[in-house]
Structure formats: C-alpha cells, structure tokens
2 protein chains.
Amino acid sequence: MENLLDKKQSIIESALELVHANGFHGCPVSQVAKNASVAAGTIYTYFENKEDLIVGIYDYAAEKITSYMSERDDASLDFETRFFNYWHNFTEFYEQHPAIHGFYDQFLNSPFNSEEVQNKPNRWHEWAHRFFQSGMDEGAIRETNPVVLSILVNTNINSTVKIKKNFKTKLAKKNVNLEEISHLIWAGIKNAEPKNLF
Amino acid sequence: MENLLDKKQSIIESALELVHANGFHGCPVSQVAKNASVAAGTIYTYFENKEDLIVGIYDYAAEKITSYMSERDDASLDFETRFFNYWHNFTEFYEQHPAIHGFYDQFLNSPFNSEEVQNKPNRWHEWAHRFFQSGMDEGAIRETNPVVLSILVNTNINSTVKIKKNFKTKLAKKNVNLEEISHLIWAGIKNAEPKNLF
DNA sequence: ATTGACTGAATGAACGTTCAATCATAATGA
DNA sequence: TCATTATGATTGAACGTTCATTCAGTCAAT
C-alpha cells in the first residue's frame with residue numbers, strides 16, 4: 001500500500017465487491033476489513049462511521065461514471081448518434097461494473113440517500129444535464145427539462161440492465177430483446193415533425 | 001381478531017408499515033410483532049421464517065395491485081385512453097399505498113426475489129401482459145413483446161413515483177413536471193400509423 | 001381432558017464501534 | 001552515524017446492542 005489514498009480506495013472497493021456478492025445487507029464492517037486486508041478499526045481512520053463509508057462509495061461510483069461517460073462522448077457527432085452511444089456506453093459500464101450498478105441502484109432508494117446527499121453538488125448529474133441540454137440546443141430533442149430527461153433515460157438504462165440480470169432465465173425463455181427500449185425512448189424524446197404530440 | 005387469516009394479514013400489514021416508516025432494514029420481527037399486537041413467537045405460526053414473511057408481503061402486494069388495476073380498466077375504451085388510465089391508476093395506487101410502493105421497489109432488487117419466486121405464477125404480471133397484448137391486437141401500439149412493454153411501463157411508473165417522493169425538494173426547486181414522462185413513453189410505443197381503421 | 005394457538009423471556013449469533021496496545025517511520029540530538 | 005523520542009497509523013480483542021429464532025409454559029375453546 002503506497003499511501004493513504006490507496007488504502008481508502010481499497011476499503012471502498014472492498015465494500016463494493018461485498019455489495020455485489022451479498023447485497024446491501026451483506027457488507028458488515030468486519031468483512032469489508034477482511035476483504036481490504038485491513039483491521040476493522042482501520043476503517044474508522046478513513047471514515048467516521050459506516051454511513052460515511054457508504055456515502056464515500058456513492059461519490060466514488062459517481063466519479064467513475066462521469067469519467068467513463070465523458071471520455072466516450074463526442075460532442076461533434078449528431079445528437080441521435082450521441083444518444084445511442086450514451087445508452088450503449090452506460091449499459092456497458094454497468095455490465096462491466098456490476099458492483100457499482102448494484103450499489104448505485106440500492107443506494108438511491110436507501111435512507112443513506114438523504115436530503116443532504118441529494119443537495120451536494122454531483123459532477124455526474126451535472127454532466128448528464130449538460131448532455132441533454134445540448135441535444136435540445138441543437139433541436140434534436142424536444143424542449144423538456146433536462147432533469148426529467150436524464151431521470152427518464154438513466155432510470156431506463158439502469159432498470160434494463162437490472163432486468164437483464166435479475167430475470168435472465170425468464171427473459172431467455174420468452175425470447176425478449178431489451179435493446180428495443182432504447183429505440184422506444186428515443187422515439188419518445190426526439191423532435192418529431194410535425195411536433196404536435198401533446 | 002376473528003380468524004387466522006385476519007391475523008396473518010395483520011402481521012403482513014404491520015410489516016409493510018414498518019418498511020414504509022423505516023425501510024427494509026427497519027422491520028425486525030420484534031417490531032412487526034408489536035405493531036400487529038402479537039407476540040414475536042406467533043409470527044412463526046404463520047411463517048416459517050422471516051424470508052417466508054417477506055415473500056408473503058410480496059404476494060399480498062401483487063394481489064392488491066391486480067385488484068386495483070383490473071377493477072379500473074375498461075376494455076371497451078380505445079387503447080390510448082386505457083394506457084393513460086393505466087398510468088394514472090398505477091401512479092395513484094402507489095401514491096395511496098406508499099408502503100407497498102416502497103416495499104415492492106426494494107423487494108425486486110433484493111436477494112428475496114430469488115429464481116424460485118420469479119418463476120412462481122404471478123397474477124399481476126399475467127394481467128399486465130394481457131393488457132399490453134390487447135393494445136397490440138387492436139393495432140394501437142407497435143408489435144413488441146408484451147413482457148418488454150410491461151417492464152418498460154411499470155419501471156417508469158415506479159421510478160416516477162419514487163423520484164417524486166425522493167427528490168421532492170429538488171424537483172420543486174427546478175419546477176420539474178414528471179407527468180411528461182407518460183407522454184414520452186406513449187409516443188415511443190404507439191403505432192405511428194394505426195393499421196386497421198375498419 | 002385435549003387440542004392447538006399463543007406468549008415472551010431466553011438464546012446465541014452478528015453487528016458497528018471503541019480503545020489500549022503495537023508498530024513503522026520520521027524527527028531530534030549528540 | 002547512531003540512539004532516543006515523538007507521531008500517527010494500525011491492530012484485533014472486547015463491548016454493548018440488536019436481531020431472528022426457539023420453546024417451555026399458558027390460555028381459550030371444545
């Protein structure tokens with residue numbers, strides 16, 4: 001372990017792994033410590049308490065998502081392409097980081113996602129809002145609050161990935177293709193002609 | 001308490017209340033018992049263990065949703081109207097039964113939602129599939145697997161209600177209107193050129 | 001007298017957190 | 001250079017609490 005930041009990160013990653021393996025309920029501090037090759041008490045050098053650790057994971061996850069998505073976005077492309085890239089990249093990110101996906105999904109409905117946490121500035125939310133705003137600015141999608149749009153799109157990506165994972169057997173049995181959902185959503189938000197949809 | 005069924009139900013409702021008030025983590029058997037005016041041990045007359053109780057709540061909730069939705073659906077109306085009624089009714093149901101909403105949302109991502117539970121016949125899922133199938137049969141919405149459609153729609157209703165609740169402050173601040181989402185989804189799934197006018 | 005639901009104190013496992021003790025490293029002084 | 005001290009991270013056993021579950025005994029209804 002080179003320095004303190006590395007150790008903090010390894011504690012966070014250890015906790016993430018445990019959430020992935022055993023769910024939110026299955027990440028006792030004792031296990032987090034063992035996974036991170038650290039004593040239980042050490043965790044309290046880096047985090048005030050378990051809640052602080054959980055919020056630490058949230059910030060870490062949001063940061064990872066922001067990097068991944070912003071690196072892969074190309075603002076010079078037309079917005080429809082960017083939208084499907086966004087969908088594809090976010091799906092890919094979640095599937096490559098199932099621990100972050102599982103954690104994020106559970107965190108948002110948990111008491112840890114307090115008013116205080118919600119009101120903290122969040123680089124990822126801000127990036128996503130700017131993304132959809134730019135789609136409106138170039139007239140590719142309808143005038144809609146970008147907060148609504150990012151909630152709509154992110155919710156659907158999140159749940160599509162979740163459903164793929166949770167209902168794997170059932171979906172295979174019924175030959176369901178969830179790729180369709182991105183097209184349904186795009187059809188819903190794109191600027192159609194004539195635009196008298198409401 | 002008139003009979004055994006009443007007592008079983010009152011245990012389930014007590015557990016639901018606790019999930020609503022304190023989240024999934026905050027419904028210890030001792031509290032469930034106290035809320036239901038029953039001794040802790042009594043719960044084990046009706047349920048094998050806590051997991052069995054949780055799955056019992058799930059079945060109870062699905063049953064409530066099925067009744068509510070099927071009673072309010074009118075198959076003689078055109079499908080667009082039925083769709084917006086569906087959206088409205090389900091939203092209303094969740095808002096009137098926040099405990100069921102909160103429980104359902106958490107249950108689906110929990111280890112309790114096992115393969116075994118998923119493969120059990122589920123009246124609510126079957127009803128929803130038939131609902132969307134009938135929309136396709138009359139050409140109002142595109143040919144899409146009804147499983148995909150109900151996942152898409154139910155996910156969005158669920159998360160819209162959730163976001164309304166969780167992000168109340170933030171949404172009010174930014175003057176966000178989430179009603180739009182139902183129209184976005186409808187625009188996405190409806191059949192652009194209705195095929196059978198006769 | 002028999003049955004079966006019901007009770008609630010008791011049990012033991014699991015958890016978050018603490019803290020006295022230990023250790024590695026850096027700073028100091030001769 | 002080397003011995004001593006100071007600093008602060010690290011340890012893990014121990015603590016107090018909470019939880020699901022059990023079961024010997026009670027009670028109500030037949």
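Quick note: numbers below take in every heavy atom, side chains included, and nothing from hydrogens, waters or symmetry partners. Chain letters run A, B, ... following the sequence lines, proteins first and then strands; every chain starts at 1.
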One would report the end-axis bend of the helix from C/dA1-D/dT30 to C/dA30-D/dT1, five pairs per end and rounded to 10 degrees, as 10°
Atom NZ of B/K34 and atom C1' of C/dA9 are separated, to the nearest Å, by 14 Å
For A/E17, the salt bridge (Lys or Arg N to Asp or Glu O under 4.0 Å) test, sequence neighbours excluded, returns none
To the nearest angstrom, the OH-P distance between B/Y46 and C/dG4 comes to 14 Å
Hits for salt bridge (Lys or Arg N to Asp or Glu O under 4.0 Å) against A/D137, two or more places apart or cross-chain, chain-then-number order -> none
Heavy atoms of B/I12 and B/G56 approach each other most closely as CD1-O, 3.9 Å
Please report the C-alpha distance between A/Q96 and A/Y68 in whole Å, then the side-chain angles of each, then the deciding distance to 0.1 Å, and finally whether the side-chain contact (heavy atoms from CB on, under 4.5 Å) criterion is met. CA-CA 11 Å; A/Q96 280 172 11; A/Y68 194 94; 3.5 Å; yes
Item to complete: Show the numbers, then the answer: is there a side-chain contact (heavy atoms from CB on, under 4.5 Å) between A/F132 and A/N145?
Response: CA-CA 9 Å; A/F132 288 107; A/N145 189 308; over 6 Å; no
The ring pair (Phe, Tyr, Trp, His ring centres under 6.0 Å) partners of A/H183 (sequence neighbours excluded) come to A/F84
Note to self: Is it the case that the side chains of B/Y94 and B/D105 hold a donor-acceptor pair, with the cut-off being a distance below 3.5 Å and no angle test?
What the structure shows: no
In whole angstroms, the gap separating C1' of D/dA9 from CZ of A/F47 amounts to 15 Å
Hits for salt bridge (Lys or Arg N to Asp or Glu O under 4.0 Å) against B/K120, two or more places apart or cross-chain, chain-then-number order -> B/D59
B/S/- along nucleotides 13-23 of chain D (protein heavy atoms under 4.0 Å) is ------SSBB-
